[in-house]
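All residue numbers in this chain count up from 1 along the given sequence. Since the model is a prediction, treat every value here as computed from it, not as a measurement.
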Amino acid sequence: MRSPSVFSLLLLAPCLAIAQSSTASSVAAQFTVPASADDGVTLLPNVADPTAPNAQVKCPGYTASKVSTSSIGLAAHLTLAGAACNVYGTDVHDLDLKVEYQTSSRLHVNIRPSHITSQNQSWYLLSTDYVPAGSQGTGSMTTSDLTFSWANTPDTGFGFNVTRNSTGDVLFSTTGTKLVFENQFIELVTHQQENYNLYGLGEVIHGLRLGNNLTRTIYAADVGDPIDSNLYGSHPFYLQTKYFEVGSDNSTTLVMEQLDTTEATSNYTSSTHGVYFRNAHGMEVLLGANNVTWRTLGGSIDLYFFSGPTQRDVTHQYLNVIGMPMLQNYWGFGFHQCRWGYQNWSVTEDVVDNYARFGIPLETIWNDIDYMFQYRDFDNDPVRFNYSDGKAFLQRLHSRGQHYVPIIDSAIYVPDPTNASDAYQPFNDGNATNSFLLNPDGSLYIGEVWPGYTVFPDWFQASAKAWWKNQMVTWHQKLPVDGAWIDMSEVSSFCVGSCGTGNLTLNPVHPPFKLPGEPGNVIYDYPEGFNLINATEAASASSASQAQATPTTTATATSSATSSSSTTSYLRSTPTAGQRNINYPPYVINHVQGNHDLAVHAVSPNATHHNGIQEYDVHNLFGHQILQATYAALLAAIPNKRPFVIGRSTFPGSGTVAGHWGGDNASKFYYMYFSIPQALSFSLFGIPMFGVDTCGFNGNSDEELCNRWMQLSAFFPFYRNHNVLSANSQEAYVWGSVIDATKIAMDVRFQLLPYLYTLFYYAHTQGDTVMRALAWEFPNDPSLANADRQFFLGPSILVTPVLTQGAITVDGVFPGLVEGTDTYYDWYNKSPVAVPSRKNTTIDAPLGHIPVFIRGSSILATQQMAMTTRDARNTSWSIIVATGVDGTASGSLYLDDGESLVPKATKMVSLSSSTSQNGTLSLKVSVSGSYTSLDLALANVTFLGVQSPPSSGAAVTINGRAVANATYNAASKVLSVTGLDNALGGKAWGGNWTLTV
Ligand SMILES: *[C@@H]1O[C@H](CO)[C@@H](O)[C@H](O)[C@H]1NC(C)=O
């Protein structure tokens, strides 16, 4: 496995796969949708168009009148303050403003057209049937920490401020800018300080801190993880942190620059607030040097302000509106292996067997679209993935405590109506119940995805949700899957418009592009940096491949586009009074697909729901609604168990029913880095069950990258290795060093599983985050504002991974260590981290080692590694007491059966420790709740950072009774208590106890 010759052979695998491709002949007779079917019109995004009219210049703004104020808010009428500008639509003359002081920390501002009187009347409003809204709570103007103020300014008209009373800070100000409110364009310009710290506004592949030179386009797109572009999910929420320098007289000055770790030595404080724009339209948020501009293609202004004043507070306040994350199954935290290209059951089972052979824990095996009969949902290939073999395989998995999760796509195949043998029951059932999206003329909207021409569920129909549930239940009876992986949910379609209309007799058609591995498609390149690690082979391979190379269509297209760019003509839509142009809105968002046409590679904006809603108004909701429907469907198929759902396209609230993976990344070191800010952003979005395709999806991974990545992802809640069709294998057992590295990191992960599960319990019940930015745990250190190459898992674990190729050390900070407020312990040897002379420290990190530290003041209850989480749950307990600078520590542990939707019994364990003046250590454990199945033996207790040997001669007592002796290691400052297995009657959490030593 480790020999260079085998290594190079593996690298050639994709070429071999192409040369030997046997599927090509069988699809040769198939009609291939022409590539032009996915070509849209060429549009020039507004932000790239120097001639685009500036609404702030052209438009008149509004004037507020008829203001009525009550104790809980105010209402007013807004009237267009001059001639309509109709700059990107038709100006709405009359608007209603409503301000609600909903809670002491939440303010709601809604501006909508006056002519809309009820939800049913228009597309303008996002119904609470689909997306929850914050409702009036106990808030009032007098108790609120936020104040809304407004003014009619002579030049710009109506503007408003939101101010936080406790800090006097203006959090949001449109004063001096014009409100623009048209039927296809709404603009709100807000002032910002220099170098403001904004986070969120996803989904995007970007550093955690968004900076002040970025257009965040929000429009769900099926696209392989481009940097800085719109992506699968839509999260119009930001968190903002302001840092203040505290003077000797306690005065505070706003910090206007970005500080690095050498500068942030004075005394600082910070305050954090949040803003949520509840709107499902295509949107843009322009982050400029001194302002943030919100633009949306419709709907209303529906803003929620959260006063914080900490990140934790803001996240709680936001999740109180959109919904708390679900409590995941315990088994969901095991390791998942997936790839596109496990061709049949036996190949799939070989992977499971290989994990066992190499002694690497594997919880769940996944299948991509390979398992389906011609890529049709709820329909297994009768030969390669037949039900009887599948049932037997799943039974073997389940008997070992392992699980199986398949992909389910969002589109439904439409059978050739002239070919009886092409019948597909899920389509017939859905069509009979009006479950699919329509064209404006009432006919079926037929796009194209993997199986051929397809239709798309209309989630606004109750019947569609019932139909989806029935499909799941029926299929589950044939194959008892354990969860669902929802893909293509943006919702993706490989052609523009209803391209299948009139073409169904061609079905099943081939997509308008070549699949990986199909003849003529791009051959995956050598892994990143191959020339660095294997120079001689790289040189000869590169000359060989150049000799064979054929130009790809991609390369041709790129060059022709470049050469003709100066002469490109763009379609420009002129607003027509009173009408909407939903296919080509006059305002062009900087959509990543095609030439920015909203209809490219997605269901088009004119697709129509049975209730009359047009896709234009709700495009960003599809991915969220299919997750909700799938959650309900799995709950019907597997009653009373928490559904396991991982989805691609998400919206505020998706965390209540699902987790998310980072989509189609690539096997590159920089994507490994981006996984951290992406995860931290999803912490803010209330979707803590997050992970990315470990070792990378597109392209060929290699030993070093996979070694580092298998270790890094072990500290993400969702831990899955996934690979694209025809790329080199990258399972953890493929390379010797990766096997070892994986086991090392998994050993830590397994020990921390009870902790991770407890973090999810707090996420679910309170809205706490799981993966945390350093800035959130240390809010008074401005130098951490953009720290996203390290992270905390909960409050207690600091992870400082290597993210660059060839490195054997990593630079990182230990927040609070230099300042003396915090202390850290190396996970592996449990020794305290020495206080360095400067904040940024170089840490040894040879290949196969991921630096992990326990933060002082923490108590962790751990279990041991096993081949599955089921078996790990049966191992004995250990307690790690990581003493803080003041000699104390605390922690907690939540226990239940790990799967019931509503557990019959639960248990909460509180742990606290202190050090007395004479050096006596005491650990107090108190339990509440009746869940007893995890009352297993306590094997040992380890105290870290014990400054001197215990004066009592190392005799250990529990509840006053001598039970064991402790050993003290003066070099590592570790005091170990072992041999406790029977001390508590074999039940660590059977009752309250106190240990002293
Ligand atoms: C909003 O805040 C700005 C900056 O402090 C101030 O100049 C302006 O008068 C305020 N406007 C309102 C309506 O309160």
Residues F244 and D169: closest non-hydrogen pair is CZ-OD2, 3.9 Å
Sub-3.5 Å donor-acceptor pair from the side chain of T241 to the main-chain atoms of L239, do we have one? no
Taking F791 as the fixed residue, which of F716, F853, Y673 is the one that meets the ring-ring contact (aromatic ring centres under 6.0 Å, His included) rule? F716
Contacts of type side-chain contact (heavy atoms from CB on, under 4.5 Å), residue H624, not counting sequence neighbours: Q628, F651, S654
Would you name the heavy atoms of P688 and V770 that are closest together and state the gap between them? CB-CG2, 3.8 Å
Ring center gap for Y824 and F814 short of 6.0 angstrom: yes
Is there a donor-acceptor contact under 3.5 Å from the side chain of Q711 to the main chain of A741? yes
Report yes or no: do N620 and S234 form a side-chain donor-acceptor pair below 3.5 Å? yes
Less than 6.0 angstrom from the centroid, inside 45 degrees of the normal: does R855 satisfy that with respect to the ring of F792? yes
What are the two closest heavy atoms between F160 and L188, and how far apart are they? CE2-CD1, 4.5 Å
Using the ring of each side chain (for Trp, its six-membered ring), is Y219 parallel, tilted or perpendicular to H591, with breaks at 30° and 60°? perpendicular
Just say parallel, tilted or perpendicular for the rings of F674 and Y670, cut-offs at 30° and 60°. perpendicular
Could you check whether any side-chain N or O of Y719 sits under 3.5 Å from a backbone N or O of M746, counting only pairs where one atom can act as donor and the other as acceptor? no
Any side-chain donor paired with an acceptor under 3.5 Å for D313 and Y318? no
Shortest non-hydrogen contact from V885 toward G820: CG1-O, 3.7 Å
For W294, which of F237, F172, F277 qualifies under ring-ring contact (aromatic ring centres under 6.0 Å, His included)? F277
Exercise: do R772 and S683 side chains pair donor with acceptor under 3.5 Å: no
Heavy-atom count around N213 CG within 6.0 Å, excluding the residue itself: above 12? no
Check the angle between the aromatic planes of F682 and F690 and answer parallel, tilted or perpendicular using the 30° and 60° thresholds. parallel
Whether D222 and R648 form a salt bridge (side-chain N of Lys/Arg under 4.0 Å from carboxylate O of Asp/Glu) is what I want to check. yes
Between N590 and T215, do the side chains contain an N or O donor and an N or O acceptor separated by less than 3.5 Å? no
Is a donor from one side chain sitting under 3.5 angstrom from an acceptor on the other, for T272 and Q311? no
Passing candidate, side-chain contact (heavy atoms from CB on, under 4.5 Å) with L684, options V314, L201, T315: T315
Pair listing, salt bridge (charged side-chain N to carboxylate O under 4.0 Å, His left out) test, anchored in residues 682-697, at least two apart: D693-R720
State plainly whether the residues E528 and K668 are in salt-bridge range, i.e. N to O under 4.0 Å. no
Using every non-hydrogen atom in the two residues, find where P236 and P652 come nearest and quote the distance to one decimal. CD-CG, 4.1 Å
Closest heavy-atom pair, Y828 versus I850, reported as atoms and distance to 0.1 Å, is OH-O, 2.7 Å
Can you find a side-chain donor-acceptor pair between T842 and D811 that sits under 3.5 Å? yes
